[in-house]
There are 2 protein chains.
Amino acid sequence: MTERVKETFGGYGTGAPPPAPAALAAKVRTLAPSMTRSVQRVAEAVAEDPAGCAALTVTGLAELTGTSEATVVRTARLLGYPGYRDLRLALAGLAAQQRSGRAPAITTDIAVDDPIADVVAKLAHDEQQTLADTAAGLDTTQLAAAVSALAGARRTDVYGIGASGLVAQDLTQKLLRIGLIAHAHSDPHLAVTNAVQLRAGDVAIAITHSGATGDVIEPLRVAFERGATTVAVTGRPGSSVTRYADHVLTTSTSRESELRPAAMSSRTGQLLVVDCLFVGVAQRTYEAAAPALAASYEALAHRHRSVPR
Amino acid sequence: MTERVKETFGGYGTGAPPPAPAALAAKVRTLAPSMTRSVQRVAEAVAEDPAGCAALTVTGLAELTGTSEATVVRTARLLGYPGYRDLRLALAGLAAQQRSGRAPAITTDIAVDDPIADVVAKLAHDEQQTLADTAAGLDTTQLAAAVSALAGARRTDVYGIGASGLVAQDLTQKLLRIGLIAHAHSDPHLAVTNAVQLRAGDVAIAITHSGATGDVIEPLRVAFERGATTVAVTGRPGSSVTRYADHVLTTSTSRESELRPAAMSSRTGQLLVVDCLFVGVAQRTYEAAAPALAASYEALAHRHRSVPR
DNA sequence: GTCACCCATGAAAGATATTTTCGGTTCCGT
DNA sequence: ACGGAACCGAAAATATCTTTCATGGGTGAC
């Protein structure tokens with residue numbers, strides 16, 4: 001009655017220093033010969049499908065392998081864990097690693113029959129790539145010059161059409177919020193009409209992916225000739241629009257394909273550039289911009305609190 | 001059709017099919033505002049030290065955070081898991097990934113005196129993070145359902161105001177291009193006026209980061225009551241707007257700071273969601289969409305060639 | 001300012017899952 | 001065949017997780 005002898009299994013035994021990293025399959029192979037039949041079955045199942053086993057309880061795994069709970073626990077001990085619970089945690093970790101390991105399949109184009117989850121992954125990956133490329137390819141000198149011009153501008157006009165028009169509006173909204181005078185123009189006629197009003201000290205920005213959108217180039221040309229500081233945000237650094245641009249900000253675009261038109265990925269890069277312009281200007285005009293930023297932040301924070309549930 | 005009141009506690013809505021991948025920190029950030037103090041404490045602890053928390057039992061984590069077991073379980077539920085056990089498994093997986101993967105890539109906030117090159121790098125990194133988090137946190141079931149509804153819709157209305165309004169327009173432009181009938185509304189009155197026209201088989205989409213923009217919720221409510229299929233694209237899965245949404249698509253947002261307002265990073269996630277919707281619909285309606293896509297591709301290609309210089 | 005209500009919270013009961021015990025069974029060596 | 005030992009699973013014992021419920025604090029209405 002005195003001797004309560006616990007089954008301490010061999011293997012990594014009582015004082016195993018490291019529980020186990022990720023080389024679980026290897027350990028299973030190493031220890032396999034010294035295992036009994038039942039334990040072996042459990043160990044095999046575990047090594048074969050870590051993810052699946054991680055989802056099972058002791059009882060579940062016991063049933064799956066046609067053994068008992070006790071055997072499952074014994075297996076866990078043999079593999080160096082204090083109990084099944086810990087083995088299960090390690091298994092979950094292993095599964096996560098395996099999952100993250102294989103993911104280079106995103107490089108393919110989006111196909112018509114791709115499952116929706118793949119679409120999400122591919123699109124996200126693609127836009128991330130666009131961001132990285134644009135950031136890397138952005139000429140900070142040009143950017144700094146554009147920011148300086150904006151920060152000191154009397155007024156700013158932004159031209160863009162189609163998808164680029166939305167980017168133009170985005171920039172305008174932000175600049176307005178920190179006290180600058182900015183307008184976005186999508187209507188070519190109105191754009192030119194307004195461009196005539198510009199003069200030295202004003203800024204005109206043209207946003208066009210192709211760099212060849214006449215309706216956007218024209219107002220920029222007018223502004224340029226009027227003496228305004230002109231900026232082009234384009235994906236084609238050698239295109240026509242740059243002829244009338246004092247500063248050229250280049251966006252990178254990833255491969256386009258049938259299901260992912262150029263407009264889609266260009267937009268991402270354009271927005272990054274526009275954000276950089278905005279933050280740059282906000283830094284330069286911090287004294288004036290800070291209250292406005294704080295105000296909009298406050299407004300939002302208030303909203304959040306008022307919606308506790 | 002008026003009385004559908006959802007009372008699901010968790011943010012991720014009715015039947016979140018995938019428990020959660022690895023974007024746990026993002027989810028915590030997303031849901032934080034709708035959390036109570038205690039739950040928030042637990043969620044923070046978990047997000048901060050996944051590895052450490054994975055080693056703790058319910059009781060342990062409760063003690064560590066100075067709360068009760070019940071609260072810990074509640075937190076797990078809120079984060080989208082059936083119970084603490086499953087959260088713990090996910091935590092173990094996350095920890096393993098972190099350990100094997102690269103450093104957590106600490107991002108400091110953008111400071112007033114950051115050089116412009118740093119601004120570019122930080123903004124780019126931040127938006128990349130937002131994309132990754134949004135992609136990981138997106139409920140593909142909901143997305144697929146929304147796509148189905150869109151593909152078969154008689155007409156589609158999209159509501160958005162401010163920065164979200166631009167996203168709404170972006171979606172509308174794209175849908176129009178592949179032959180769907182879609183309208184974007186920024187004017188609350190006109191939006192409601194139009195929403196009244198909707199009926200079963202139509203689709204209404206509300207885009208709002210805070211999920212509490214009354215001017216956007218109101219038309220969605222009207223559309224909902226009229227029997228249209230309603231979709232909400234929001235950063236707050238538990239917010240008011242989801243009450244009238246058949247399908248909720250959640251966007252993740254990165255930390256916001258003074259120089260990087262919420263509107264900025266939310267836009268990135270919203271656009272990704274919108275792109276996914278578009279591509280999904282294009283796949284579904286490929287027969288009809290293909291010619292339209294090819295046409296716009298052609299047009300663009302032509303433009304490029306015509307501007308060699 | 002007071003009251004009533006609601007909701008977050010934790011203590012403890014209840015339900016599961018894990019670990020241990022223990023006796024039956026099989027297999028090996030003699 | 002027989003003794004012995006190790007393997008194995010059923011079930012008890014324990015740990016862990018989940019649910020329920022009463023309480024307190026706070027909030028909005030009056």
Side-chain angles (χ1 to χ4, degrees), chain A residues 1-11 13-14 19 31-46 53-92 302 305-309, chain B residues 5 7-11 19 31-46 53-92 238:
Chain A
M1 163 105 321
T2 34
E3 293 307 323
R4 213 164 60 140
V5 180
K6 293 188 187 176
E7 291 184 21
T8 58
F9 261 78
T14 38
L31 296 174
S34 64
M35 285 175 180
T36 66
R37 262 192 319 283
S38 301
V39 170
Q40 210 166 8
R41 265 215 304 287
V42 176
E44 247 168 57
V46 159
C53 292
L56 294 170
T57 74
V58 194
T59 314
L61 187 52
E63 271 181 28
L64 177 72
T65 57
T67 64
S68 69
E69 290 101 324
T71 301
V72 172
V73 173
R74 278 191 274 261
T75 308
R77 293 264 166 74
L78 189 66
L79 291 173
Y81 301 91
Y84 175 68
R85 202 188 306 279
D86 302 79
L87 168 61
R88 202 175 160 186
L89 283 176
L91 241 41
H302 176 266
R305 270 197 297 276
S306 73
V307 191
R309 79 173 321 245
Chain B
V5 179
E7 195 53 72
T8 51
F9 178 52
L31 295 173
S34 61
M35 286 176 180
T36 65
R37 266 190 315 284
S38 302
V39 171
Q40 211 165 9
R41 264 216 304 289
V42 176
E44 248 168 57
V46 160
C53 292
L56 294 170
T57 75
V58 195
T59 314
L61 186 51
E63 271 180 28
L64 177 72
T65 57
T67 63
S68 69
E69 289 101 327
T71 301
V72 172
V73 173
R74 276 191 276 263
T75 307
R77 293 265 164 75
L78 191 66
L79 291 174
Y81 301 90
Y84 175 69
R85 204 186 306 276
D86 302 79
L87 168 61
R88 204 174 158 186
L89 282 175
L91 241 41

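By convention in this document, chain letters (A, B, ...) are assigned in the order of the sequence lines, proteins followed by strands, and residues within each chain are numbered from 1. Reckoned from all heavy atoms, side chains included, excluding hydrogens, waters and symmetry mates. Given the structure is predicted, the values throughout are model-derived calculations rather than measurements.
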Among C/dT18, D/dC8, C/dT9, the one nearest B/T71 by side-chain distance: C/dT9
query: If you check the A/E69 side chain, which of D/dC8, C/dG10, C/dT19 turns out closest?
result: C/dT19
query: Between OH of A/Y81 and CG of A/D86, what distance do you get to the nearest 0.5 Å?
result: 9.0 Å
query: Across the strands shown, which category fits B/R88 at heavy-atom distances under 4.0 angstrom: base, sugar-phosphate, nothing?
result: sugar-phosphate
- line: Winner on side-chain proximity to B/T57, out of D/dC8, D/dC17, C/dT21, is D/dC17
message: Can you tell me whether the side chain of B/R37 and the base of D/dG25 have a donor-acceptor pair closer than 3.5 Å?
response: no
- prompt: Choosing from D/dT19, C/dT19, C/dT9, which nucleotide comes nearest the side chain of A/R77?
  reply: C/dT19
field: Side-chain donor/acceptor of A/R74 to backbone N/O of A/V39, under 3.5 Å
entry: no
- prompt: Below 4.5 Å, heavy atoms only, C-beta onward: do A/Y84 and A/T57 meet side chain to side chain?
  reply: no
message: Can you identify which nucleotide, out of C/dT9, C/dT18, D/dT20, has its nearest atom closest to the A/Y84 side chain?
response: C/dT18
N/O (side chain, A/S68) to phosphate O (OP1/OP2, D/dA10) under 4.0 Å: no
message: Keeping A/R41 on the side-chain end and A/T36 on the backbone end, is there a donor-acceptor pair under 3.5 Å?
response: no
field: Atom pair distance, as rounded to whole Å: CZ in A/R74 and P in C/dT18
entry: 16 Å
- request: Can you tell me the distance, in whole Å, between the CG atom of B/D86 and the P atom of D/dT18?
  value: 7 Å
message: Among residues at least two apart in sequence or on other chains, which ones pass side chain to side chain donor-acceptor pair (under 3.5 Å) with B/T67?
response: B/T65
query: Expressed in angstrom and rounded to an integer, what is the separation of B/L61 atom CG from C/dT9 atom C1'?
result: 16 Å
- prompt: For A/T36 and D/dC7, is the shortest distance between a side-chain N/O and OP1 or OP2 below 4.0 Å?
  reply: no
message: Counting the atoms with a prime plus P, OP1 and OP2 as sugar-phosphate, which does B/G60 contact under 4.0 Å by heavy atoms, base, sugar-phosphate, or nothing?
response: nothing
task: Between D/dG9, C/dT9, D/dT19, spot the one nearest the side chain of B/A70, thanks.
output: D/dT19
query: Taking atom P of C/dT18 as reference, at what distance in whole Å does atom CG of A/L89 sit?
result: 11 Å
task: Please state how far atom CG in B/L87 lies from atom C1' in D/dT18, giving the value in whole angstrom units.
output: 14 Å
message: If the cut-off is 4.0 Å, is B/S38 near the phosphate of C/dA8, judged by side-chain N/O to OP1 or OP2?
response: no
- line: Whole-Å distance, A/L78 CG to D/dC7 P, equals 10 Å
task: Counting heavy atoms from C-beta on, name the nucleotide in D/dG9, D/dC17, C/dT9 closest to the side chain of B/R85.
output: D/dC17
message: In this structure, how many angstroms lie between the P atom of C/dA8 and the CZ atom of B/R41, rounded?
response: 15 Å
